[in-house]
Structures are given as C-alpha cells and as structure tokens.
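None of these values were measured; they are calculated from a predicted model.
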Amino acid sequence: KQTRSLQTREKLILCGLDLVSEGGFGNIRFSRISKATKIPQSLIDYHFPSVDDFNLAIVQHGVQKLFAPTLEALEANHKNPRKALLAYVKVLFDLSANDREFRAVWT
C-alpha cells in the first residue's frame, strides 16, 4: 500500500514538473493533472491539500536533482575553495542546460 502511494505521488510530481516546464507554476491546475495522469482529483487533494503544497513538492524534487552532483563537485575540489565555488556554479548551469524541468523550477 505504501509503495503505491509513493508511486502515485511521484507520478503527480512528474506531471507537475512537465506543466511547469511548459508554462511556469501558474500553469498548474489539479484538474489538468487529473486528466493527464488519470488520477482522480480527490486523490490529488489527499496527497497535496493545496496547490502551494504541490508547488513545494515540485521545488523539493528539483532541489534533490541538484544535491548529488553538487556534493560530488564540492568534494572533488575540497582543497581549493575557489575551484569548489566554480564547480558548484558550473553544476547549476550544466544541470539547467541539460534538464528542461530543472531549468523551469530553478528559474
């Protein structure tokens, strides 16, 4: 039961990311998500009581994508703070250049 709930939540977030990448956070409507995912709107309301909660989940998902590459870049340059900072910034720009959904959330 728990696995199915997590899968449903992930499916909703991924659909939300797609909508954000198409037209920003103003593009999010639970009715559109329900239609796209075939998940009843009442179940969306169960997972995310408000659009703000949903938006927060989308931002957190985007930040999670950034975490591992940033940590790797910082650890690889831990002896030189200048190189570490440059690597940190480069990760942000590389990820945003290669990932449309991350770019939409980050900007």
Side-chain angles (χ1 to χ4, degrees):
K1 187 175 179 182
Q2 181 71 11
T3 302
R4 192 169 103 189
S5 177
L6 293 174
Q7 290 171 344
T8 300
R9 184 178 169 85
E10 184 71 14
K11 187 175 182 180
L12 294 170
I13 291 171
L14 293 177
C15 182
L17 280 167
D18 190 47
L19 291 174
V20 169
S21 65
E22 288 176 4
F25 281 95
N27 201 28
I28 292 179
R29 301 282 182 274
F30 284 171
S31 59
R32 290 183 72 189
I33 294 168
S34 177
K35 187 181 243 183
T37 60
K38 307 279 192 267
I39 295 172
Q41 190 166 340
S42 59
L43 192 54
I44 297 171
D45 291 335
Y46 169 78
H47 286 282
F48 305 102
S50 72
V51 175
D52 288 339
D53 292 329
F54 188 65
N55 291 345
L56 180 61
I58 290 171
V59 170
Q60 289 173 334
H61 190 273
V63 170
Q64 281 300 107
K65 286 184 177 180
L66 181 63
F67 184 72
T70 300
L71 192 58
E72 289 173 17
L74 293 173
E75 287 177 348
N77 297 291
H78 72 279
K79 293 185 180 187
N80 187 332
R82 181 182 173 94
K83 284 184 179 180
L85 179 61
L86 290 174
Y88 170 76
V89 172
K90 187 176 182 327
V91 166
L92 283 172
F93 285 101
D94 287 347
L95 189 56
S96 66
N98 298 325
D99 189 334
R100 176 182 84 134
E101 293 168 346
F102 175 79
R103 181 173 53 246
V105 171
W106 185 47
T107 57

Derivation of the side-chain contact (heavy atoms from CB on, under 4.5 Å) call for Phe54 and Phe25: CA-CA 10 Å; Phe54 188 65; Phe25 281 95; over 6 Å; no

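A donor-acceptor contact shorter than 3.5 Å is absent between the side chain of Asn77 and the backbone of Asn80.
When every heavy atom of Ser34 is checked against every heavy atom of Ile39, the shortest pair comes out as OG-O, 2.7 Å. Closest approach of Ser50 to Phe30, counting heavy atoms only: O-CZ, 3.7 Å. Contact detail for Lys11 and Thr37: the closest heavy-atom pair is NZ-O, 3.3 Å. When all heavy atoms of Gly26 and Arg29 are compared, the closest pair comes out as O-NH1, 3.0 Å. Residue Phe102 comes nearest to Leu95 through the heavy atom pair CD2-CG, 3.7 Å, listed as atom of the first residue, atom of the second, then distance. Scanning all heavy atoms of the two residues, the minimum distance from Cys15 to Ala36 falls at SG-CB, 3.8 Å.
Listed by chain and residue number, Arg100 satisfy the side chain to side chain donor-acceptor pair (under 3.5 Å) test with Ser21 (two or more places apart in sequence, or in another chain).
Side-chain contact between Val63 and Phe67: absent, with no pair of heavy atoms (C-beta onward) separated by less than 4.5 Å. Using a 4.5 Å cut-off on side-chain heavy atoms (C-beta onward), Ile44 and Thr8 make no contact. Side-chain atoms of Val20 and Asn27, non-hydrogen and from C-beta on, never get closer than 4.5 Å to each other. The closest side-chain heavy-atom distance from Tyr88 to Leu71 is not below 4.5 Å.
Cluster membership check: Leu6 does not share its hydrophobic cluster with Phe48, using side-chain heavy-atom separations under 4.5 Å among Ile, Leu, Val, Met, Phe, Trp and Tyr. The hydrophobic cluster containing Leu92 does not contain Ile58, counting ILVMFWY residues as joined when their side-chain heavy atoms lie under 4.5 angstrom apart, directly or transitively. Residues Leu66 and Leu74 fall within the same hydrophobic cluster, defined by Ile, Leu, Val, Met, Phe, Trp and Tyr side chains chained together at heavy-atom separations under 4.5 Å. Hydrophobic clustering (side-chain heavy atoms under 4.5 Å, transitive across Ile, Leu, Val, Met, Phe, Trp, Tyr) groups Tyr46 together with Ile28. The same ILVMFWY cluster, assembled from side-chain heavy atoms under 4.5 Å apart, contains both Val59 and Leu12.
In this structure, CH2 in Trp106 is found 12.0 Å from CG in Asp99, a value given to the nearest 0.5 Å. To the nearest 0.5 Å, atoms NZ (Lys65) and CG (Leu17) are separated by 6.0 Å. Separation of atoms CD1 (Ile33) and CG (Leu14) is listed at 11.0 Å; rounding is to 0.5 Å.
Looking only at atom types and distance, the side chain of Asn98 has no donor-acceptor partner in the side chain of Arg103 under 3.5 Å away. For the residue pair Ser42 / Asp45, no side-chain donor-acceptor distance below 3.5 Å is found, with atom types taken as modelled. Between the side chains of Glu10 and His61, at least one donor N or O sits under 3.5 Å from an acceptor N or O.
Residue Leu86 belongs to no hydrophobic cluster, having no ILVMFWY side-chain heavy atom closer than 4.5 Å to its own.
Legend: salt bridge (charged side-chain N to carboxylate O under 4.0 Å, His left out) pairs involving residues 67-84, not counting sequence neighbours: none detected.
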